[in-house]
Structures are given as C-alpha cells and as structure tokens.
Amino acid sequence: MRRYDPSEIEPKWQAAWEGEGLSLASEDPADPRPRFYSLDMFPYPSGDLHMGHAEAFSGGDVVARFAAMQGHNVLHPIGWDAFGLPAENAAIKRGIPPKQWTEENIEQQRRSFKRMGFSFDWSRQFNTCDPEYYRWTQWLFVKFFERGLVERRSSPVNWCPTDATVLANEQVVQGKCERCGSEVERRDLIQWFFKITEYAQRLLDDMEELTGWPERVLTMQRNWIGRSDGATVTFRIDETGDEVDIFTTRPDTLWGVSFFVFAVEHPLVQKLAEAAGTWDAVQPFVDQVRSTPSTMREEAETTDGVALGVHAVNPVNGEMVPCFVAPYVLMEYGTGAIMAVPAHDERDFRFARAHDLPVRIVIEPVGASLDPDAMTEAFEAEGAMVNSGPFDGEASPGSIGKVAQWLDGQGLGRASVTYRLRDWLISRQRYWGAPIPIVHCEECGEVPVPEENLPVLLPEDVDFRPGGDSPLARHEGFVNVACPRCGEAARRDTDTMDTFVDSSWYYLRYCSPHDEERAFDPRAVARWMPVAQYTGGVEHAILHLLYSRFFTKVLHDMGMVPFSEPFPRLMNQGQVIYGGASMSKSKGNIVEPMPIVERWGADTMRLTMLFAGPFEDDIDWKLVAPDPDRPPGVYGWLGRVWRVVHDSAAEGGRDESVPLQQLTHRTIKGVTEDLERFRFNTAISKLMTLTNVMTTEAREGRGVRMAAVKLVQMIAPMAPFIAEELWREVLGHDESVHVSVWPVFDAALVAQDQVVMVVQVNGKVRDKIEVSADISEDDARDLALASENATRAVGGGEVARIIVKAPKLVSIVVK
RNA sequence: GCGAGAGUGGCGGAACUGGGAGACGCGCCGGAUUUAGGAUCCGGUGCCCGGAAGGGCGUGGGGGUUCGAGUCCCUCCUCUCGCACCA
C-alpha cells in the first residue's frame with residue numbers, strides 16, 4: 001500500500017478538476033437540477049491567504065460541494081474586492097502603482113485558493129478595479145442619482161490631514177486615523193451621500209424575511225438603524241420669536257422641562273447669542289467644541305455647556321426656561337436641540353446639577369415620592385404622571401401615545417419617529433477607487449456622465465500620493481471636459497467612491513459576469529438569486545450587509561430585480577486567533593496557512609479548521625495545533641481512512657456485519673443533518689467513529705467495502721483531495737466523487753432494535769439494562785425493579801413512585 | 001451604561017425537545033510491533049476513596065422548580081463581542 005502523501009495527490013487532482021470543468025455552474029436551460037447559489041464574501045487582495053480566508057472559504061466550500069452532491073446546479077463564484085485605501089497605501093510604501101500591487105496579490109491568492117481546493121467557478125472571476133466592472137458601478141451611481149437617491153452636500157466629517165481624505169467613522173480609532181495615527185480633524189466639507197435613510201424603515205421591516213441570519217447580526221442592524229418612537233414638539237424662543245423643533249421619546253415628561261439645549265452646530269445658536277449679547281462668550285466655546293473630533297467629544301466633560309441668555313417657552317404650560325449650548329446634544333440626531341427634563345433623564349440630570357438648575361418631578365414611582373433635592377440620579381422607570389396638567393394620574397410610560405395625540409390636537413407637536421441611521425458618505429479624496437461619474441458645469445450644475453461615455457476611466461498617469469486635495473484634481477487631462485449637456489467647458493468630479501459601493505452589488509455581477517451590455521442580465525439574476533447561502537465574517541454585519549440590502553431594495557424599486565433581500569441565509573465564521581488575541585504583525589503571532597498546506601496538505605488544513613469547533617466560534621490556533629512540528633490531529637485520521645479504504649478494496653467482497661451496516665446508515669443520517677446546519681465538527685467526529693469501527697471490523701476479517709464507499713463520499717465535501725484519490729484510484733470509479741450522488745440512509749438500518757435502558761434510584765443511575773426498543777412500560781418497570789443494583793440502592797426503603805419512559809429510562813423514587 | 005453571547009476534564013470540544021455528563025480528537029500513561037515511518041496497532045485516562053466490586057463528588061458561585069437540571073427560573077461573578085452622551 002502506498003503511503004498517504006498529500007503533496008503528491010492534491011496538485012494532481014486540482015489540475016484534473018480544472019481540466020474537467022468540475023466547478024463550473026451550468027447555464028443550460030435544459031439542466032433539470034435545482035440551482036443553488038453558494039456565495040462567500042469576496043476577498044480583499046492584500047498579500048497572500050491568511051488563516052481567516054482558510055477558515056471562511058473552507059466552510060463555504062463544504063456548502064457548495066455538499067449541495068452539488070445533493071443534486072444541485074451550484075454557482076460558487078469568486079472575485080476580488082480590489083479598490084481601496086489598503087492597496088493604495090501599500091503601493092505608496094513600495095513605490096509601485098496600486099494596480100500592479102493589486103494584480104500581483106490577486107495572482108498569489110488565486111494560486112493559494114486553488115491549492116486549497118476550493119471549488120470556485122473561475123470562469124466568472126472579476127475584480128472591482130477592472131473598468132469592465134467599475135463601469136457598471138458608475139452606471140448604478142448614475143441610476144441612483146437620477147432617482148434622487150444621491151446628493152452632494154456639506155457635512156461635518158472626519159478628515160485625516162496626513163492621508164488627506166475624509167474617513168469613515170469606522171476608520172477613526174479613538175480620535176486618530178487608524179492607518180497613520182494622526183489626530184483626525186473635524187471639517188465641514190461638501191461630500192456625496194447615498195440617501196440610505198430613506199430606506200430606514202424598510203431595512204428594518206424586511207428583517208423579518210432574514211430567517212436564516214444569526215440573531216446577533218439582526219440585533220446589530222436593528223441597533224444601527226436605531227428607530228426611536230416619540231414626538232416632535234415646537235418650542236418658541238421668547239426673545240426672538242424663533243420656533244425650534246425638538247424630538248423626544250418622553251413627551252410624558254414635557255411638564256418637567258426646566259431648561260433647553262442646542263447642539264453647537266445648530267443654525268440658530270449664533271443668532272440667539274447675538275440677540276442676547278452673549279456671542280462673545282459663546283463663540284469661543286462653540287469653536288472649541290466644533291474643532292474637536294466627534295469621537296473625542298464623548299470623552300469631554302459631560303456637563304460642559306454655556307448659557308445663551310435667551311429663553312424657550314414650553315408650549316404645554318407657557319413656562320420660560322433658560323437655553324444652553326452644550327456638546328452633549330448632537331446635531332446629527334433628532335433636530336439638534338432638546339428639551340431637558342433633569343428629573344427623568346440621566347444626562348439632563350447631570351447637567352442640571354452642574355449648572356444648578358431646577359429639577360422638577362413629573363413622574364412619581366408607584367407607592368413612593370421623590371425629593372428633587374435629595375435625588376442622586378434621574379428617575380427613568382415607570383410611574384404615574386404628576387404636575388402634568390390634564391394628564392395627572394396617568395401611568396407612564398403608557399401615556400406617551402396619548403400625550404403625543406393630545407399635542408397633535410392642540411397643534412403643539414405630533415407623534416414622530418427618528419432613526420439613528422445616517423446617510424452613507426461615499427466620496428473619498430483618494431486615487432484608488434471608481435471615479436464619481438459626474439461633471440460640474442457652471443450652467444447645468446451636476447451632470448451625470450451619459451451611459452455611452454462610461455466608464456469614466458481612472459487615469460494611470462497620476463501622482464496618486466495624497467496631497468492637499470484629491471489626486472485626480474491634479475490631472476488636467478482628467479479634470480477638464482466638455483459638459484455632456486451643453487458642451488461648454490466643465491470639470492469632472494475628482495472624488496472616488498467608497499469601496500463599499502463596489503461590494504454592494506458584486507453578487508449580482510456573478511450571475512452574468514462578462515455581460516458587456518449591462519451591469520447584470522436580469523434573467524440570469526432571476527435564475528440564481530437570491531443567494532441560497534452567504535458565508536463571511538461578522539465584521540461585515542453592519543456596513544456591507546446593510547449597504548447590499550439597500551442596493552437590492554433600490555434595484556427592486558427600479559424593477560431590475562424581482563426580490564428585495566439578496567441574502568436570506570447568512571453564516572458568520574469565527575475568527576482565527578492565536579494565544580487569545582487576534583493575529584497581527586505587531587504582536588508577531590501570525591500563523592500562515594500556506595506553509596501548513598505545503599507540509600500536511602490542504603485536506604488537513606481544511607479539516608483542522610472544520611473540526612476545531614462550531615463554525616461560528618473563534619478558533620485559537622495555539623490551542624488547536626499547539627506544536628507546529630507535529631501534524632494536526634486530523635492528519636492521523638486521514639491516514640487511518642487511507643488505510644482502511646485500501647483494505648476494503650483488497651478484501652474481495654466479504655460480508656459486512658449488521659452492526660457496521662447500521663452504524664454506516666446512522667452516520668449517513670447524522671452527517672447529512674450536520675452538514676445542513678454547518679455542524680462540521682460533529683460531522684467529522686461521526687466519520688471518525690465510523691472509521692474506527694471499520695478498522696476493527698477489517699482487522700477481525702469482516703467486510704467494510706460498502707462502508708468505505710459511503711465514508712469516502714461523506715468526506716468529500718470537507719477533504720476533497722483524499723476523497724477523490726480514494727474514489728477514483730482505489731475504489732475504481734471513473735467519474736469524480738464530487739459528482740457522485742450523496743448517500744441516502746436506509747431507515748430500517750437506522751432504527752435501533754436494542755437500546756440501553758437506564759435505571760435511576762432517586763435520580764442517580766444505578767443500572768443499565770439492554771432492552772428491546774419496543775419494550776412496554778410494564779415490562780420496563782418490572783425489569784427495573786428486578787435489577788440487582790437497583791434493588792440494593794432501594795435498600796429497605798418504601799418505593800413512593802416509579803416514572804417509566806420506555807425504552808430509555810425508569811426512575812424509582814424512594815422515601 | 002445599553003444590547004447580544006458564552007463559562008463543561010490538562011487542552012479543542014460533544015450532549016436534538018429536561019432523562020447515561022465528558023462523544024470525537026489532542027495531550028499524557030502503559031503495552032505490542034517495526035518494513036525507523038513526520039510511524040502503526042492495542043489498552044488506560046474527570047476528581048477523590050478502594051486491590052477490586054463498589055461508593056462519594058462533579059458542567060463559574062449561591063438559591064429555586066422537578067422523580068430527575070449542563071439544559072428551565074431567580075441572583076451574583078467572570079469573560080468575549082457590538083453600540084455608546086441617540087434626547
């Protein structure tokens with residue numbers, strides 16, 4: 001018998017599969033198989049494969065291969081999320097163009113993916129920095145623009161002075177740029193936004209359709225959208241007559257308002273301060289706060305703030321309360337101004353105590369009363385409304401709806417809803433992205449580039465190092481252009497799009513990846529979409545997944561796709577960490593997958609990941625594979641599989657024992673169920689048990705041939721190379737194991753005829769008796785009472801009760 | 001602070017609806033064998049008492065429901081993740 005040598009068999013089969021077109025999805029309309037779109041989140045091509053890729057794609061590949069063996073026509077595509085800041089910064093550091101750096105990485109990763117044996121349909125591969133792709137990203141931008149879902153407007157944003165670009169909030173870590181470490185500045189800049197907030201409610205409502213999503217991801221999206229129900233109430237400024245709307249979730253506390261607060265960016269602040277003659281004092285405060293990055297503000301003193309010198313009139317009781325400006329009120333949320341009720345809001349309470357402002361109780365706890373002077377914190381719990389005019393005695397917070405209705409009737413306000421979700425800032429002042437396809441014309445304004453002129457090519461002869469402006473702005477040939485509408489001299493927009501725009505529709509492109517006429521073929525999309533199973537990292541729980549859902553809904557509204565949710569089923573793999581911490585260069589704890597693959601084989605790499613624990617849990621590589629010079633545990637198992645399958649081929653058709661047949665079919669049932677539920681670790685343990693029993697059977701001279709056939713098939717989705725070698729070379733099949741039909745279990749063999757019945761006395765196991773599976777309750781009881789061990793445990797005690805759950809258990813209760 | 005999840009042997013982990021805790025694997029201990037192969041095969045391995053039979057204890061701590069709790073309820077502790085002045 002040959003030794004199991006992965007380095008010999010794995011490259012051989014990879015080449016064979018590619019030659020046979022094994023992983024190509026079929027577009028043949030006569031193909032009767034149901035379609036199955038198995039999608040993995042596409043990788044960012046920076047460097048070679050890392051452990052996270054190995055983990056995620058190993059899981060995704062099991063899904064795809066398993067579905068194929070179960071008779072599906074599988075689409076399992078791969079591509080590259082190739083634009084973006086990491087590529088650009090790496091290219092700058094190495095002094096080579098981002099395009100070159102990206103292409104080299106793609107080449108490297110492609111080799112490694114193939115070496116890992118992932119069953120991708122390589123014929124559909126694309127990358128997002130290819131003009132043939134970003135042409136359609138730009139086209140979609142234009143479509144969104146024409147629908148009024150794109151807007152260019154001024155907004156306070158995070159600006160990194162070193163990288164010279166705006167940053168997304170998630171690229172700012174504790175007030176510093178996550179890449180260069182510079183202090184991020186807050187600037188008001190004109191930027192492009194996608195109006196995702198218009199879809200806030202639908203993004204929330206349609207989560208009901210996402211029945212195959214992890215609960216925590218749904219929760220994160222729900223929190224991110226952040227719906228709040230409450231009321232908008234209009235206050236009047238006494239000194240100037242200005243009317244100011246506030247949003248509150250607690251209109252039931254309106255009678256307890258004792259001051260009023262504006263955000264520093266609120267447009268009325270300067271006017272009001274000037275009217276009151278306090279601007280000299282207010283202005284420095286406002287300027288100082290405004291120059292503090294938003295991420296730093298929360299660390300500022302929570303009680304900071306200055307008086308404006310004007311008063312707001314409470315519409316429900318006509319009271320005049322002083323107005324302040326304070327950073328704890330955010331311009332981005334609600335209306336940028338609040339009514340302050342210190343008795344019943346913790347933040348207002350802190351502010352009130354610091355500024356010596358009155359605290360007025362309008363909600364009393366049931367059966368108690370509050371003393372405003374003695375309170376050390378706000379009372380935010382349930383209670384009864386007091387000092388609240390017509391609502392005295394009403395239960396709070398149950399009264400919120402009634403108060404809102406009453407406000408509406410009085411013309412003082414109305415019930416309203418606010419979302420935390422902000423519009424999506426998509427423009428970047430960087431080079432390596434899809435240019436925004438807009439021309440700025442003095443006459444015509446913002447003019448989208450017509451479809452026939454797309455793509456707006458990203459010029460390659462650009463000094464792309466970050467400077468004081470967008471790199472594209474320095475390229476005269478790019479910037480100067482005739483207005484597509486009037487033909488006069490005009491200027492191109494010089495920003496590029498956030499890479500999350502590229503990745504918001506790539507799953508549609510896979511359905512018709514080489515279509516030169518349109519972004520995607522609607523018929524192909526209707527055939528394959530929605531995605532049957534989406535697999536990827538939980539780090540995309542909000543951004544990518546929310547944006548993709550948004551894109552799909554917009555396209556649905558445009559009549560371009562027949563569904564409104566792209567990914568009804570989602571699975572997040574865990575992270576691969578080392579020694580309790582994420583792997584990183586600075587910690588020096590990076591383990592590379594490819595050297596392990598070279599040494600022990602891709603099958604061992606894949607199985608080690610899959611066997612380490614539940615797919616969605618983190619894997620600590622230090623604990624799972626502690627000694628880098630020893631093969632991971634699954635390698636030894638593959639050796640046993642190798643030997644027992646060879647034995648089976650040499651045995652010459654001996655009979656298999658009934659227990660082995662039963663175990664084989666029970667294993668088929670269990671593994672099938674496990675693979676359907678991403679329970680790879682328990683699937684592997686069942687296959688190990690089968691292997692162990694087969695080894696014993698073979699040693700004792702009984703047949704194992706049928707068991708070997710099933711074993712090889714069941715291993716195939718997880719360890720595709722060894723399965724193929726054994727299937728074709730040892731078991732003698734002509735066609736690939738990966739197109740063989742997934743084994744089906746025989747119910748008669750799965751049914752147990754004999755089971756072990758447990759006898760408990762006072763809850764403790766005292767005996768185990770082998771019984772027939774269809775034993776009657778009476779027989780079970782009699783058998784248990786006859787048990788010597790049970791009788792001894794009962795001693796002389798009086799049997800008070802006997803619980804019989806035939807055939808599993810008899811429980812004897814003794815007084 | 002708010003939200004979500006998790007605490008099981010030396011380690012990774014298993015245990016579907018309450019019913020044999022520790023499957024499977026790693027590691028370790030003992031043995032066999034050898035064609036010295038990143039070997040293989042057999043046995044053992046939660047802790048404590050015992051030669052064994054057997055017994056006691058045991059799923060983060062405490063309490064409860066139940067004939068019976070890793071699983072359900074209350075409470076406390078610890079850890080991980082997400083959000084974080086959201087009115």
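In what follows, every chain begins at residue 1, and chains take the letters A, B, ... in the order their sequences are listed.
Across all strands shown, B/C83 forms a Watson-Crick or G-U wobble pair with B/G1, both key distances being under 3.5 Å. Within the shown strands, B/G46 is the pairing partner of B/C57 under the Watson-Crick or G-U definition, both distances less than 3.5 Å. In this structure B/G19 sits in a base pair with B/C67, meeting the Watson-Crick or G-U test at under 3.5 Å. In this structure, B/G37 forms no base pair with any nucleotide, since neither Watson-Crick nor G-U wobble geometry is met with both distances under 3.5 Å. The partner of B/C26 is B/G10, judged by Watson-Crick or G-U wobble contacts that both fall below 3.5 Å.
In this structure, A/Arg766 reaches the B/G55 phosphate: one of its side-chain N or O atoms is under 4.0 Å from OP1 or OP2. A close approach under 4.0 Å does occur between a side-chain nitrogen or oxygen of A/Asn681 and OP1 or OP2 of B/A14. Checking the phosphate oxygens (OP1, OP2) of B/G25, a side-chain nitrogen or oxygen of A/Arg640 falls inside 4.0 Å. For the OP1/OP2 pair of B/C41 and a distance below 4.0 Å, the side-chain nitrogens and oxygens of A/Arg643 include at least one atom meeting the criterion. Taking 4.0 angstrom as the limit, A/Lys622 places none of its side-chain polar atoms (N or O) nearer than this to OP1 or OP2 of B/C26.
The aromatic rings of A/Tyr4 and A/Tyr635 lie tilted to each other, with the angle between the two planes from 30° to 60°.
B/G13 sits 22 Å from B/G18 when the C1' atoms are compared, rounded to a whole Å. B/G25 and B/G7 have their P atoms separated by 23 Å, with the value rounded to a whole Å. B/C47 and B/C42 have their C1' atoms separated by 26 Å, given to the nearest Å. On the C1' atoms, B/U71 is 31 Å away from B/G1, given to the nearest whole Å. Comparing the same atom, C1', in B/G3 and in B/G60 gives a spacing of 22 Å after rounding to whole Å. Comparing the C1' positions of B/C28 and B/U35 gives a spacing of 28 Å, expressed to the nearest Å. The P atoms of B/G61 and B/C77 are separated by 15 Å, rounded to the nearest whole Å.
The cationic atom of A/Arg420 (NZ for Lys, CZ for Arg) lies less than 6.0 Å from the six-membered ring centre of A/Trp224 and within 45° of the ring axis.
Taking only side-chain atoms of A/Arg599, from C-beta outward, the nucleotide of B/G27, B/G38, B/A14 with the closest atom is B/G38. Checking B/C41, B/C83, B/G12 against the side-chain heavy atoms of A/Arg420 singles out B/C83 as nearest. Between B/G56, B/G12, B/G37, one nucleotide has an atom nearer to the side chain of A/Arg3 than all others, and that is B/G37. Nearest to the side-chain atoms of A/Leu623 among the listed nucleotides B/C57, B/C28, B/G12 stands B/G12. Comparing B/A14, B/A87, B/A4 by their closest approach to the side chain of A/Pro614 singles out B/A14.
If you check every strand for non-hydrogen atoms under 4.0 Å, A/Val261 touches nothing. Note on A/Thr689: only backbone sugar-phosphate atoms sit closer than 4.0 angstrom, heavy atoms only; bases stay farther off. Within 4.0 Å of A/Arg677, counting heavy atoms only, lies no atom of the nucleic acid at all. Among the atoms of the strands shown, none is found under 4.0 Å from any heavy atom of A/Asp620. Contacts of A/Lys686 with the nucleic acid, taken as non-hydrogen atoms under 4.0 Å apart, are absent.
Residues A/Asp252 and A/Ile363 have side chains in contact (heavy-atom distance under 4.5 Å, counting atoms from C-beta outward). Residues A/Val810 and A/Met757 form a side-chain contact, since some pair of their non-hydrogen atoms from C-beta on lies under 4.5 Å apart.
A donor N or O paired with an acceptor N or O is not found under 3.5 Å between the base of B/G20 and the side-chain atoms of A/Gln760. For B/C41, its base never sits under 3.5 Å from the side chain of A/Arg699 at any donor and acceptor pair.
Each of A/Gly633 and A/Ala337 was matched to the nucleotide of RNA chain B holding its nearest heavy atom; the match closer to the 5' end belongs to A/Gly633. The nearest heavy atom of RNA chain B to A/Arg792 and to A/Thr696 marks one nucleotide each, and the one closer to the 5' end goes with A/Thr696.
Between A/Phe351 and A/Phe349, the distance from one ring center to the other does not fall under 6.0 angstrom.
Dense packing is recorded around CD of A/Gln754, with more than 12 heavy atoms of other residues, nucleotides or ligands lying under 6.0 Å away.
Shortest non-hydrogen contact noted between A/Gly636 and A/Arg643 is O-NH2, 4.5 Å.
Taking the O4'-C1'-N9-C4 or O4'-C1'-N1-C2 dihedral as appropriate, B/G27 has a value more than 90° from 0 and is therefore anti.
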